[in-house]
Protein chains: 2
Amino acid sequence: MGLVSNSIGSEKKSAISPVDELPPYVSRRELTGKHTARRKQAIDTAAAIFARLGYQGASTRAIAEALGIKVASLYFHIASKEDALAEICLLGMQRSLDYLEEARRKTTLDEQIRHFFACQRDDLIHHADYVIVSIRDRDHLSDPAKNRIRDLTARFRITMDEMFVLAEARGELHPALTPRHGRFIMIGTLRGISEMYLSGVDLASNDIMDRWVETLIRGVVPENKSTGV
Amino acid sequence: MGLVSNSIGSEKKSAISPVDELPPYVSRRELTGKHTARRKQAIDTAAAIFARLGYQGASTRAIAEALGIKVASLYFHIASKEDALAEICLLGMQRSLDYLEEARRKTTLDEQIRHFFACQRDDLIHHADYVIVSIRDRDHLSDPAKNRIRDLTARFRITMDEMFVLAEARGELHPALTPRHGRFIMIGTLRGISEMYLSGVDLASNDIMDRWVETLIRGVVPENKSTGV
DNA sequence: CCTACCGATCGGTAGG
DNA sequence: CCTACCGATCGGTAGG
């Protein structure tokens, strides 16, 4: 589970991109919020450090060092440590919402569940740092950022409820469950899977996640309504 | 979800227990490890603060303040912040292991699963702080403490594998699953449920957890082998 | 992008 | 159980 995937930090002296190397100490901040490539690199690095040490355990010094710069320079790219966290969480949650809206276009509940978790597995593998941080450190967000996150989770909740309501109408939801139960169990399973990945279980090289998802489908979809796999 | 349940901190001046009030500044430490009632109170309070702010976000000052004493005095009862964490995690994990060993004495897999999660739900409700901290802050333990935890999780794993192996022999494990799959899915579901509780879902006053567990059983136990509920 | 610095807070200890 | 204190580190800024 290689953190800080591509070794940043050594390219300080190499002239990979001669542009924006040593920008002649320009006015000052203001443009902090802009999405330059270097800023993206800073956020990526912050995500990697947060994922490994936790938001509170990660120092801005450690992030700067991983980037090969000093703290003061880091603050040219991010407005604050908390600001970096907010961006990481928003990106992580946005992706989950995208996957869900994609999955909803499938025609049966079991296919929808399979598709959603397949996307999430790939996401865990390719953007593990973002997923981990947005789950584990969400509650360290500032209040304004928390509100923006709340918007996303509300949309996520609504989309998933709609999916389960339609499935129920098609007779594809087990009679013991309401759509709300379905949503709780599905989000909870996603959390369980993410936590398992976080604790070091490699989901890429075994079939645990597939079997888990099929087990979930057996519990959620009445037998005669499941299309099998 | 009342943290720091019974208001400590005000009894500093009241002479509830005249013993050990202002112990004539005895030799010094050494007995730090002893299990006095006041020590238990200190660990309980630490668990509450850790649960609310996270291990790294919780200061020893905050713990001391909640106890109504100064930091220096706190260190009379605990050897270090990390030491308090270790004790909290060990107590939390030990209980899970006890529940599992109790559940294993049931005769069918679905009853075993039901019993285990019923115990865990009560545990979440009555010892939420310990459960939360031992899940969320486990990785901040010192190496020696980590090893002691590893012993417990190893025994937990073995016990659960044994339970699933016997269930498989009785034909009570779904043919798509190995005992190892069963263990992963069950521990993962426990984590998902705990995370859900942690994020504010009140498991005591609704049926979400029951329905979730029944959904798990439908996915894990072949239909003709389930005793229903 | 840097040097140099800020006040605040951290975990922990001396010594009584 | 306290007062008084320690060195280290924190997030962040001034100013170029």
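In this text the structure is predicted, and so the values were computed from the model without any measurement. We name chains A, B, ... by the order of the sequence lines, and we start the count at 1 in each one.
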Length of the line joining B:Phe76:CZ and D:dC2:P, which is rounded to integer Å: 12 Å
Whole-Å gap separating C1' (C:dG11) and CD (B:Gln56): 13 Å
Among C:dA4, D:dC5, D:dG12, the nucleotide that comes nearest once only the side chain of A:Ser80 is considered: D:dG12
Side-chain touch B:Phe156/B:Ile187, heavy atoms, less than 4.5 angstrom: yes
Separation of D:dT13 C1' from A:Asp83 CG (nearest whole Å): 16 Å
G-U wobble or Watson-Crick pairing nucleotide for D:dT9 (cut-off 3.5 Å, both distances): C:dA8
Nearest-neighbour nucleotide for the B:Ile69 side chain, D:dC1, D:dA4, D:dG12 considered: D:dC1
Any donor-acceptor pair under 3.5 Å from B:Ser96 side chain to B:Met93 backbone: no
Closest to side chain of B:Ala72, choosing from C:dC1, D:dT3, C:dC2: D:dT3
Interatomic distance, B:Ile63 CD1 vs C:dC10 P [rounded to whole Å]: 11 Å
For C:dA14, the Watson-Crick or wobble partner whose two distances fall under 3.5 Å: D:dT3
Whole-Å gap separating P (D:dT13) and CG (A:Leu74): 12 Å
Whether B:Arg136 side chain and B:Ala51 backbone form a donor-acceptor pair below 3.5 Å: yes
B:Ile49 CD1 to C:dC10 C1', straight-line distance once rounded to whole Å: 16 Å
B:Lys81 side chain near C:dG11 phosphate (N/O to OP1/OP2, under 4.0 Å): yes
Atom-pair distance (CD on B:Glu65; P on D:dC2), nearest Å: 12 Å
Nearest to side-chain heavy atoms of B:Val71, which nucleotide of C:dC1, D:dC1, C:dG12: C:dG12
Passing candidate, side chain to side chain donor-acceptor pair (under 3.5 Å) with A:Arg104, options A:Glu162, A:His115, A:Gln112: A:Glu162
Euclidean distance, atom OH of residue B:Tyr75 to atom P of D:dA4 [Å, nearest integer]: 20 Å
C:dG11 phosphate, OP1 or OP2, under 4.0 Å from B:Thr60 side-chain N/O: yes
Sugar-phosphate, base or nothing in reach of B:Ala58, heavy atoms under 4.0 Å: sugar-phosphate
Which nucleotide in C:dA14, D:dT13, C:dG11 has an atom nearest any side-chain atom of B:Ser59: C:dG11
A:Arg61, nearest nucleotide to its side chain (from D:dC1, C:dC1, C:dC5): C:dC5
Salt bridge A:Lys40-A:Asp44, side-chain N to carboxylate O under 4.0 Å: yes
